[in-house]
Structure formats: C-alpha cells, structure tokens
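Accompanying notes for the structure given below.
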Amino acid sequence: MDVVLIRDLFRQTDKYINQSIKVGGWVRTVRASKAFGFIELNDGTFFSSLQVVFEESLNNFKDIAKLITGSAIIVEGVLVESPGAKQPFELKAQNIVIEGLSSQDYPLQKKRHSFEFLRTIAHLRPRTNTFSAVFRVRSIAAYAIHKFFQERGFVYVHTPVITGSDAEGAGEMFRVTTLGFDQTPRNEQGKVDFSKDFFGKETNLTVSGQLNVETYCMAFNKVYTFGPTFRAENSNTARHAAEFWMIEPEIAFADLGDNMKLAEEMMKYIISYVMDTAPEEMNFFNSFIDKSLFNRLENVLQSEFGHIAYTDAINELKKSGENFDYPVKWGYDLQTEHERYLSEKIFGKPVFVTDYPKEIKAFYMRMNEDGKTVAAMDLLAPGVGEIIGGSQREERLDYLEKRMDELGLNKDEYQWYLDLRRYGGTRHAGFGLGFERLIMYLTGMTNIRDVISFPRTPKNAEF
RNA sequence: UCCUCGAUAGCUCAACGGUAGAGCAUCCGGCUGUUAACCGGAGGGUUGCUGGUUCGAAUCCAGCUCGGGGAGCCA
C-alpha cells in the first residue's frame, strides 16, 4: 500500500473516507489512557494534522502510548468520520510502525514557543505550525512569481553570484577569494596582488543582478532574475539579512510608468495567488500572527497604489504638522519615520514615491528634464517599509558617462554596460523586490530571520 | 555601528541584598473519546561569562558575549 499524503485526505476526503490507507508523519502530540489513545500526526504536506486513534489491540500499544513528540511513524488503518468536533475525520489505526524514535530532550513542545528560541533550533522549527505555514507560503509565493513573469513572456535569467565588478554601489560586499590568509601575495606597492587570485582579479558576491540582467533585457525584451543576493552591511534590524533573495525584472521599450504598472500587477498577482492556494496557512496568520492581515491584503487587492513625487512628498510631510525626529528637507533622503507616515497615515496603502534627487540615487537612473531628479521609484508598504526599489535606466550614453564622471566611477570597468547604450540602446526600466520583505508582508511576520530557513545576519551563520 | 531593554530549570516566567520557585516539558503511576487532555508523584539549577562591592549577590557596580526593540544603510 502506498503512503497517502495528509494533504490529499483533506482535499479529496470523499476518495479516502472509509478506506484502508497508510500515512507517514511526525508525532506532534500523544494523548493516551489505559486502553486507547490519540496521536496528532503531521506529515508536512498540509497545515492541519491528522488525528490517529489507537487501541489496546495493537501489539505495540504500550510503545505507541509512550511515543515522544517528534517521532516518525507509519500508520495503517481506516479513515473514518470523527465523533470529535475539532476534526472532520480520523484514522483508526490497525498497525503503527515506529520509523524513528524521538528523544526525551526533543526541544519542541506543544505549547507556544518564542520565535527567538525557535531561531536557535532552526533545523527543527519547520515542524511547528508557524514555520510550517511560513515556508509553505514562501514556496508558493516563489512559484507565483515565476508564474506571473512566465505567463507574460519574461525570460528568467540566471545572473552570476560571483561578480568581478567592484562598484555596483549597493553596499558592502563579501570578498570571494582562494588566497590564503597567512601569506597574502603583495604587489610592488604592497597592495594585495589579486592577479594571483583564482579569477586573476578582485571578486565579490553579488549585491544585485541588475547590471547583468540589463544585458539580457537588451536581447530578450522582458527578463527577470530571482536569486540570492549578499550584503556585508553591519545591519542589525528585523528587515535586513546578509543573504537574501531578490527578484529583479527589467523591461525594454518601457518607462517609469510601465515599471510601476508592472510592480503593482505583480504584487496583486502574488497576493491573490497565495491567498487562493494556501487558505489554511493564511487563515492561521490572520488569526494568530496579525489580525489585520486580511484587511490589509484585501485593501491592497482592491485599491490602486498611491503615487507621489518625492518633491510633493516633502511638501506633504512639511504640511502635516507632524513632529518628526529628523528634518524634512528637499535633497535629504526620506527617513523611516517619513516613509511610514506617507504609507500608513497619508495613503494607508502601498505608495510609489518617484523622482528623487539624483544625489541620493544610483548612477544608472535616468535623468529627468529638470536636471535635478531621476526617474526612480520606491514602493513603500505599511508596516514593512521599502519593499521595492527601481527606476527607469539612463539609456543616453552621453548622460550616463557624464554622471559616472561626476561620481568618479571607473568607466573602463563598465564598458560592457556602456556598450548596451552604443549598440541599439532603448528606453528600459526595472526594479528589485526583496523576496523576504514580500513574505513578511504576506504573512504578517515581523522579523526577516523568521521568513528565511537559515538566516545569515551579523554574528550569526549557524546551521 | 549608535540608542535602549534584557539574559534564572529543556521552554515561558517568578523571586529584586538573607535557604532559587511555578506552569508546561521529561520520567513513574492512574484514567474507556482526548484535542494546549485530565489526576497523583518524582527528578531537574555553576541564576550568560569575567571581575568588583558586601558578613552575605540571581538581586548592586563595571567590562564582555549573545538576544529583543528602535535608528542608520537598503531590498
């Protein structure tokens, strides 16, 4: 007899009710009395567990009654309607095989654990309700992203994880090297001689696939990357990790407006898909993690995202009369408190802030007519902050070179990037979506460490 | 990196200068429909680490380590 997935028992109950079946899973809890007992069995395929009823007639009844939480078992029996109110059906066991015993020091209990504690046992936490739900939603959301782009003719590009460009400008990078630490070779100037290194030059882990994916955009029209990204920033917040996943679409013959339209459609698509595909998990989040979750997500689905230019946002913030800790001034980047006020108080929904001063944005963003601002856009989400950052790219070679000179960038390093402007360059735009921030937004989880399987943060690379 | 709060049994917490406790978990026993099962009993501690103050420190002080919340950097 094949093992049946508990998911199928719940989704196709008619097919299995009153039938002999076999299931395998991990014990969540055992409640036993003298002559019978109950096991909550979870096999990881479904949010809910299956109640197994077992009786004295089992030849190994005493062993089963003493099963420790976490043990792996295989149960054969008949699926019957349950007299209990809390489950529609239950499995009446005829035979239970212990696959792997747990131990009395198994750290997970059937009561609530703090997320802080569960982080210290990241290898076991996916067996809990919350993390079971988080990581199933994460998987579904990843699929939804691919589905969204593939249905629209986007080509999925694998950009390199190891990069040789040393100035992508998005933050501190992790060095990639095979040079020893004891006898680092030096050149005549006493500097590290990277010509002796594996790649013959200085290399790092990527902080963004954008520059690379732009090259494929100029060949495939609509492309996206979806992969790991690394930042060696000493950031100690609930929203930052040293290793995270990022989605970066790039579209040709498109401007900033097209870019924002794409971002909004994508966000709505992912939310709908996840809500439709993981109703049990989403219900759990709405009930136990964030009681305003459904209201918030429904509101996003039904409303148009807000739009406001940076300059107008500054004026709105000044007008608000709110007493901010940091000054609101044109030319200064918006502080977290300003972003929150915009998205939470003024708009009450996700809002695009556009056309930032060029000084606070990256070199590749397209210069606006005014010569002071660039065609950038950040999507600010209530509760999560900046979830998307993007722009229309500067396709005019002379503008781009001028900007790179102003910032003192080495144009030789970017010849391939500049070539895109020499050989049939066109308007194009794109953005970066922080995948973990999206998961936080979808689930109501408030710490990025709790939406990544094995989080890497300053002073923490366990597991 | 900065500000702030915290670290006591496996977990969640109490004790706040005078013998370190509870609930849950674990172990033993009981119980014929449980579902955070219930009832009885038992074991379980270098109070994060190092030093200091004191007759006496989980408790007061300093440094360190790690963690939470907030900020910067960003996604």
Please determine whether side chain to side chain donor-acceptor pair (under 3.5 Å) holds for the pair A/Gln210 and A/Tyr364, giving the CA-CA distance in whole Å, both sets of side-chain angles, and the decisive distance to 0.1 Å. CA-CA 10 Å; A/Gln210 184 207 312; A/Tyr364 50 73; 3.0 Å; yes

Ring of A/Phe244 versus six-membered ring of B/A75: centres under 5.5 Å and planes under 30°?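 Yes.
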
Over all strands shown, is [X] touching base, sugar-phosphate only, or nothing at heavy-atom distances under 4.0 angstrom?
X        : value
A/Gln87  : base
A/Lys361 : nothing
A/Ile68  : sugar-phosphate
A/Asn234 : base
A/Ile388 : sugar-phosphate
A/Gly84  : base
A/Glu90  : base
A/Pro83  : base
A/Lys34  : base
A/Gln51  : base
A/Leu108 : nothing

So does [X] get a side-chain nitrogen or oxygen closer than 4.0 Å to the phosphate oxygens (OP1/OP2) of [N]?
X        : N     : value
A/Asn447 : B/G69 : yes
A/Lys86  : B/A36 : yes
A/Thr237 : B/C74 : no
A/Ser235 : B/C73 : no

[atom1] gap between [N] and [M], integer Å:
N     : M     : atom1 : answer
B/G44 : B/C28 : C1'   : 15 Å
B/U12 : B/A75 : P     : 35 Å
B/C73 : B/A15 : P     : 40 Å
B/G56 : B/U19 : C1'   : 12 Å
B/G10 : B/U1  : C1'   : 35 Å
B/A36 : B/U32 : C1'   : 22 Å
B/U59 : B/C38 : C1'   : 38 Å
B/C27 : B/G63 : P     : 45 Å

Of A/Thr457 and A/Tyr326, the one whose closest RNA chain B nucleotide lies more 5':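 That would be A/Thr457.
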
Considering heavy-atom distances to RNA chain B, does A/Phe117 or A/Trp245 have its closest nucleotide positioned more toward the 5' end?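 So the residue in question is A/Phe117.
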
Can you name the one residue among [options] that meets salt bridge (charged side-chain N to carboxylate O under 4.0 Å, His left out) with [X]?
X        : options                      : result
A/Glu40  : A/Arg31, A/Arg127, A/Arg28   : A/Arg31
A/Glu436 : A/Arg449, A/Arg239, A/Arg138 : A/Arg138
A/Lys361 : A/Asp355, A/Asp333, A/Asp378 : A/Asp378

What is the distance, rounded to the nearest whole Å, between atom [atom1] of [X] and atom [atom2] of [N]?
X        : N     : atom1 : atom2 : value
A/Lys110 : B/C11 : NZ    : P     : 18 Å
A/Arg31  : B/A25 : CZ    : P     : 12 Å
A/Ile360 : B/C74 : CD1   : C1'   : 13 Å
A/Phe115 : B/C11 : CZ    : P     : 17 Å
A/Ile448 : B/G69 : CD1   : P     : 12 Å
A/Tyr106 : B/U26 : OH    : P     : 12 Å
A/Arg437 : B/A75 : CZ    : P     : 8 Å
A/Asn460 : B/G67 : CG    : C1'   : 10 Å

I want to verify a distance call: between [options], whose nearest atom is closest to the [X] side chain?
X        : options             : answer
A/Gln335 : B/G23, B/G69, B/G72 : B/G72
A/His240 : B/C74, B/C31, B/A71 : B/C74
A/Glu233 : B/A75, B/G33, B/C73 : B/C73
A/Arg449 : B/U32, B/C27, B/G68 : B/G68
A/Gln109 : B/G69, B/C24, B/C74 : B/C24
A/Arg119 : B/C27, B/G67, B/C73 : B/G67
A/Asn236 : B/U32, B/A71, B/C74 : B/A71
A/His113 : B/C11, B/C74, B/C28 : B/C11

Could you tell me whether a side-chain N or O of A/Lys222 sits under 3.5 Å from a main-chain N or O of A/Arg152, the two making a donor and an acceptor?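 Yes, the answer is positive, given that a donor and an acceptor are paired below the 3.5 Å cut-off.
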
Has the side chain of A/Arg112 got a donor or acceptor atom sitting under 3.5 Å from an opposite partner on the base of B/A36?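 Absent.
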
Do the side chain of A/Lys92 and the base of B/G33 come within less than 3.5 angstrom through a donor-acceptor pair of N or O atoms?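 Per atom types, the contact qualifies.
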
Strand RNA chain B in bracket notation, Watson-Crick/G-U under 3.5 Å with | for pairs to another chain: (((((((..((((....[..)))).(((((.......))))).....(((((..]....))))))))))))....

Is it true that [X] and [Y] have ring centroids separated by less than 6.0 Å?
X        : Y        : value
A/Phe154 : A/Phe220 : no
A/Phe54  : A/Phe36  : no
A/His338 : A/Tyr326 : no
A/Phe131 : A/Phe115 : yes
A/His307 : A/Phe305 : no

Count the heavy atoms belonging to other residues, nucleotides or ligands that lie under 6.0 Å from NZ of A/Lys22, then report whether that count exceeds 12.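 Count over threshold, so yes.
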
Yes or no on side-chain contact (heavy atoms from CB on, under 4.5 Å) for A/Leu50 and A/Phe89, after CA distance, side-chain angles and deciding distance? CA-CA 8 Å; A/Leu50 173 68; A/Phe89 49 79; 3.8 Å; yes

